[in-house]
**Student:** 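First the structure, then my questions, so here it is.
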Amino acid sequence: MKILVINCGSSSLKYQLLDMEGEKLLAKGLCERIGIDGHLTHKPQNGRPVFNEDVPMPTHTEAIAAVLEKLTSPEYGVVESMSEIGAVGHRVVHGGEKFACSVRIDDAVMDALAECIPLAPLHNPANITGINACKAVMGDVPQVAVFDTAFHQTMPGKAFMYPIPYSYYTDLKVRRYGFHGTSHRYVSKRAAEMMGKPIEELKLISCHMGNGSSICAIDGGKSVDTSMGFTPIAGLPMGTRCGDIDVSILEYLSANTGKNIKELTTILNKMSGVLGVSGVSSDFRDLDVAANQGNDRARLALDMFHYAVAKTVGSYVAAMNGVDGIIFTAGIGENSATTRAEICKYLTYLGIEICPECNKKRGEDIFISTEDSKVKVMVIPTNEELVIARDTRDIVEGL
Ligand code: AMP
C-alpha cells in the first residue's frame, strides 16, 4: 500500500509518499505561502528532477491538488495515478483527552477535532483544513489522524494535573497534555530493539531536541511524564520559547511594559528561549559559532539549555526510580555532538560513560555510551512520518 503523509501548518503543507512494502520513501516535498501566493518544492526519490517553483495556492485544496499533480506527472511523478495511493495519514497536533491512539477520520472524529481547537488554536484548524482539502481532491480515500498528544495519554494524574483549582481541569480541560508523542514513541521502540530487550522491561528517557524540545519518561513503553504541558511552550528553554518560568512574571511584565497578556505570550513563544537570552539566534549552530568566538550570552543560552535538559532527565530518573537508556533525537539531538556531551557531563552520577568517537557519528541509530556505561545512551534519528504511515496502514488494513 502507498500512503501519503501530510503535515499541515496554517500556510504550509509538508508531505511524503511512502510505499509500505519495504517502507520506502517515494517522494517528499513542501508547499509554502499557502493563501499568500504559493511555492512548491517536490523531491521525487526515483531520480526524476526536483520541482521548485511558484504555484498559485489560494487555499490548501489547491496545494493538495498541486502535490497530487506532481506525484502523478510524467516528468516529476513517482506513481502512475492517484488511485495507487491507498490512504492518507495526517499529523494532528492536539487530540485532547479524546484520542489515546490514531484513528480513521469520519464525521465524529472531525467534530472531536473541532472541539480541540481551543486547546491548539494555531495548529488544529490547519490540520482540519488539510483533511478537508484531501477529501475535496481525493474523495473517499481513507484518512487517518495521528496525534502528537496521544502517546502521553498514559500519564498518571500525578504527572498530568496542575496544582490549581480542580474545576479548571474538569470544566476547562487545563492539564498537561505533552507533545512530540509520535517521535517519543518511535525512538523508544527503536531503542528497545537496539538494546535487545522487550520495551515492557525498560525505563527510557527520550530527549527530543529540535526547534521545539521536550523530554519524555517512558516506563515499560508508556509515557509516564513529559516536559511540555498544556501547550508546547512549557518545559525546556527552546529556540524561541521560554519553557518553564514563574507565572507571576506575566503580571509583573504587563505592569511594567504596558503589554497585555496576548502580546507577552507572543514574546514568550517567539522571542524568548535561547534567542531571547543570546540575542544571536534560535539556531544552535549559530550559537555554537558565537559562543566559540567569545559571545558570553550565546554561551549562557547554551549552558542554560544543557542544564535544563540534565535537570529534567534527573527528575525523570527519580520519577521512574531508575533508567536503562537515554535517547537523543531531532535536529539538535541528532546533530550536535557537543550538546550531547555537555548534557551527559551532568549525568556521570548515573554511571554514564560516553564514547567520544561514537559521539562524533551522524545520521544513524547508534550507541554513544561505552560498553561499560551503566545506562545506555543512544542517538536515534526520529521518523514521525514513518510512524504516521505505519499507523495509517494498520488502521486501514484492519478495517
Ligand atoms: P528540528 O526542529 O528537529 O528540525 O531541529 C532544528 C534545529 O536543529 C535547528 O534550529 C538547529 O538549532 C538544530 N541543528 C541542526 N543541525 C545542527 C547541528 N549540526 N548542530 C547544532 N544544532 C543543529
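Please read all numbers here as calculations on a predicted model, not as lab measurements. Computed over heavy atoms, backbone and side chain alike; hydrogens, waters and symmetry mates excluded.
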**Student:** List in chain and number order the residues that pass side chain to side chain contact (heavy atoms under 4.5 Å, CB included) with Lys374, two or more places apart in sequence or in another chain; answer none if no residue qualifies.
**Tutor:** none

**Student:** Compare all side-chain heavy atoms of Ile343 with those of Phe328 and state whether any distance is below 4.5 angstrom.
**Tutor:** yes

**Student:** Output the distance between atom OH (Tyr166) and atom OH (Tyr168), rounded to the nearest 0.5 Å.
**Tutor:** 15.0 Å

**Student:** What about Tyr169 and Tyr162, are their ring centers closer than 6.0 Å?
**Tutor:** no

**Student:** Just verifying a value: how many Å separate Gln45 CD and Lys28 NZ, rounded to the nearest 0.5 Å?
**Tutor:** 6.0 Å

**Student:** So, the side chain of Lys203 versus the backbone of Met320: is there a donor-acceptor pair under 3.5 Å, distance only?
**Tutor:** yes

**Student:** Considering residues, nucleotides and ligands other than Tyr252, do more than 12 of their heavy atoms fall under 6.0 Å from its OH?
**Tutor:** no

**Student:** Would you indicate whether the side-chain heavy atoms of Val317 and Leu350 approach each other to under 4.5 Å?
**Tutor:** yes

**Student:** Between Glu23 and Arg390, is the salt bridge (Lys or Arg N to Asp or Glu O under 4.0 Å) condition met? List the steps.
**Tutor:** CA-CA 9 Å; Glu23 298 189 330; Arg390 283 179 181 163; 2.7 Å; yes

**Student:** Carefully, step by step, assess Glu115 and Lys98 under the rule salt bridge (Lys or Arg N to Asp or Glu O under 4.0 Å).
**Tutor:** CA-CA 10 Å; Glu115 271 175 41; Lys98 279 228 160 73; 2.6 Å; yes

**Student:** Is the backbone N or O of Asn260 less than 3.5 Å from a side-chain atom of Glu263, with the two atoms forming a donor-acceptor pair by type?
**Tutor:** yes

**Student:** How long is the gap from OG on Ser11 to CG on Asp37, to the nearest 0.5 Å?
**Tutor:** 10.0 Å

**Student:** Any side-chain donor-acceptor pair under 3.5 Å between Glu334 and Thr329?
**Tutor:** yes

**Student:** So which pairs with a foot in residues 277-293 pass salt bridge (Lys or Arg N to Asp or Glu O under 4.0 Å), sequence neighbours left out?
**Tutor:** Asp283-Arg285

**Student:** Could you tell me whether the side chain of Arg175 and the main chain of Met161 form a donor-acceptor pair under 3.5 Å?
**Tutor:** no

**Student:** Only one of Val313, Ile327, Val377 clears side chain to side chain contact (heavy atoms under 4.5 Å, CB included) with Cys207; which?
**Tutor:** Val313

**Student:** Regarding Glu97 and Lys173, does a basic nitrogen lie under 4.0 Å from an acidic carboxylate oxygen?
**Tutor:** no

**Student:** Phe284 and side chain to side chain contact (heavy atoms under 4.5 Å, CB included): which single residue from Asn335, Val274, Asn211, Val289 fits?
**Tutor:** Val274

**Student:** Return yes if some donor-acceptor pair links the side-chain N/O of His39 with the main-chain N/O of Cys31 below 3.5 Å, else return no.
**Tutor:** no

**Student:** Are Pro142 and Arg104 packed together at the side-chain level, in the sense that at least one heavy-atom pair is separated by less than 4.5 angstrom?
**Tutor:** yes

**Student:** Distance-only, no hydrogens or angles: does the Thr257 side chain make a donor-acceptor pair with backbone N or O of Leu253 under 3.5 Å?
**Tutor:** yes

**Student:** Treating Ile, Leu, Val, Met, Phe, Trp and Tyr as nodes and any side-chain heavy-atom pair under 4.5 angstrom as an edge, say whether Ile368 and Leu204 lie in one connected cluster.
**Tutor:** no

**Student:** If we only count heavy atoms from C-beta on, is the Arg299 to Asp303 side-chain gap below 4.5 Å?
**Tutor:** yes

**Student:** Consider only side-chain N and O atoms of Glu62 and Thr59, and report whether a donor and an acceptor are under 3.5 Å apart.
**Tutor:** yes

**Student:** Does atom OH of Tyr307 have more than 12 heavy-atom neighbours from other groups under 6.0 Å away?
**Tutor:** no

**Student:** So Val396 and Val144, side-chain contact (heavy atoms from CB on, under 4.5 Å) or not? Walk me through it.
**Tutor:** CA-CA 8 Å; Val396 171; Val144 167; 4.1 Å; yes

**Student:** Please determine if Asp391 and Arg185 form a salt bridge, counting it only when a charged side-chain N lies under 4.0 Å from a carboxylate O.
**Tutor:** yes

**Student:** Could you check whether atom CD1 of Ile249 has more than 12 heavy atoms from other residues, nucleotides or ligands sitting under 6.0 Å from it?
**Tutor:** yes

**Student:** Transitive ILVMFWY cluster of Val109 at side-chain heavy atoms under 4.5 Å: who else is in it?
**Tutor:** Val92, Phe99, Val103, Ile105, Met110, Leu113, Ile117, Ile128, Ile131, Phe147

**Student:** Between Asp225 and Ile215, is the side-chain contact (heavy atoms from CB on, under 4.5 Å) condition met? List the steps.
**Tutor:** CA-CA 8 Å; Asp225 207 344; Ile215 305 194; over 6 Å; no

**Student:** Is it the case that one hydrophobic cluster holds both Met228 and Leu236, taking links as side-chain heavy atoms less than 4.5 Å apart, direct or via other members?
**Tutor:** no

**Student:** About how many Å separate CG of Asp219 and OH of Tyr316, when rounded to the nearest 0.5 Å?
**Tutor:** 13.0 Å

**Student:** May I ask you to check whether His184 and Ser214 show a side-chain donor-acceptor distance below 3.5 Å?
**Tutor:** yes

**Student:** Could you go step by step and tell me if His42 and Leu71 meet the side-chain contact (heavy atoms from CB on, under 4.5 Å) rule?
**Tutor:** CA-CA 8 Å; His42 169 75; Leu71 287 171; 3.7 Å; yes

**Student:** Which residue pairs satisfy the side-chain hydrogen bond (donor to acceptor under 3.5 Å, both in side chains) criterion with at least one member in residues 123-152, sequence neighbours excluded?
**Tutor:** His90-Gln143, Arg91-Asp148, His152-Ser223

**Student:** Using modelled atom types only, decide if a donor and an acceptor are shared between the side chain of Ser336 and the backbone of Gly333 within a distance under 3.5 Å.
**Tutor:** no

**Student:** Check this for me: Glu193, atom CD, are more than 12 non-hydrogen atoms of other residues, nucleotides or ligands nearer than 6.0 Å?
**Tutor:** yes

**Student:** What do the steps show when you test Leu13 against Leu30 for side-chain contact (heavy atoms from CB on, under 4.5 Å), and what is the final call?
**Tutor:** CA-CA 6 Å; Leu13 185 157; Leu30 171 66; over 6 Å; no

**Student:** Taking Lys262's backbone N and O only, do any of them form a donor-acceptor pair with Thr266's side chain (distance below 3.5 Å, no angle check)?
**Tutor:** yes

**Student:** Rounded to the nearest 0.5 Å, what's the gap from CG on Leu287 to CD1 on Ile332? Could you check?
**Tutor:** 9.0 Å

**Student:** Quick one: do Leu268 and Val277 end up in the same hydrophobic cluster if we chain Ile, Leu, Val, Met, Phe, Trp and Tyr together by side-chain heavy atoms under 4.5 Å apart?
**Tutor:** no

**Student:** Kindly say whether Ile267 contributes a backbone atom to a donor-acceptor pair with the side chain of Ser272 at under 3.5 angstrom?
**Tutor:** yes

**Student:** Quick check against the 3.5 Å criterion: does Gln153 have a side-chain atom that pairs as donor or acceptor with the backbone of Gly96?
**Tutor:** yes

**Student:** Atom CG of residue position Asp107 - does it have more than 12 heavy atoms of other residues, nucleotides or ligands inside 6.0 Å?
**Tutor:** no

**Student:** Return each pair, listed once, that meets side-chain hydrogen bond (donor to acceptor under 3.5 Å, both in side chains) where at least one residue sits in residues 226-244; pairs must be two or more places apart or across chains.
**Tutor:** none

**Student:** Mind checking the CG-CG spacing from Asp54 to Leu40? Nearest 0.5 Å is all I need.
**Tutor:** 10.0 Å

**Student:** I need the full list of side-chain hydrogen bond (donor to acceptor under 3.5 Å, both in side chains) pairs touching residues 364-373, with sequence neighbours left out, sorted by first then second residue.
**Tutor:** Arg190-Asp365, Glu353-Thr370

**Student:** Applying a strict under-4.5 Å side-chain criterion to I, L, V, M, F, W and Y, I'd like to know whether Ile326 and Val224 cluster together.
**Tutor:** yes

**Student:** Are Met20 and Leu25 co-members of a hydrophobic cluster defined by side-chain heavy atoms under 4.5 Å apart?
**Tutor:** yes

**Student:** With a 3.5 Å distance limit and no angle check, can you tell me whether Asn359 reaches the backbone of Ala337 through a side-chain donor-acceptor pair?
**Tutor:** yes

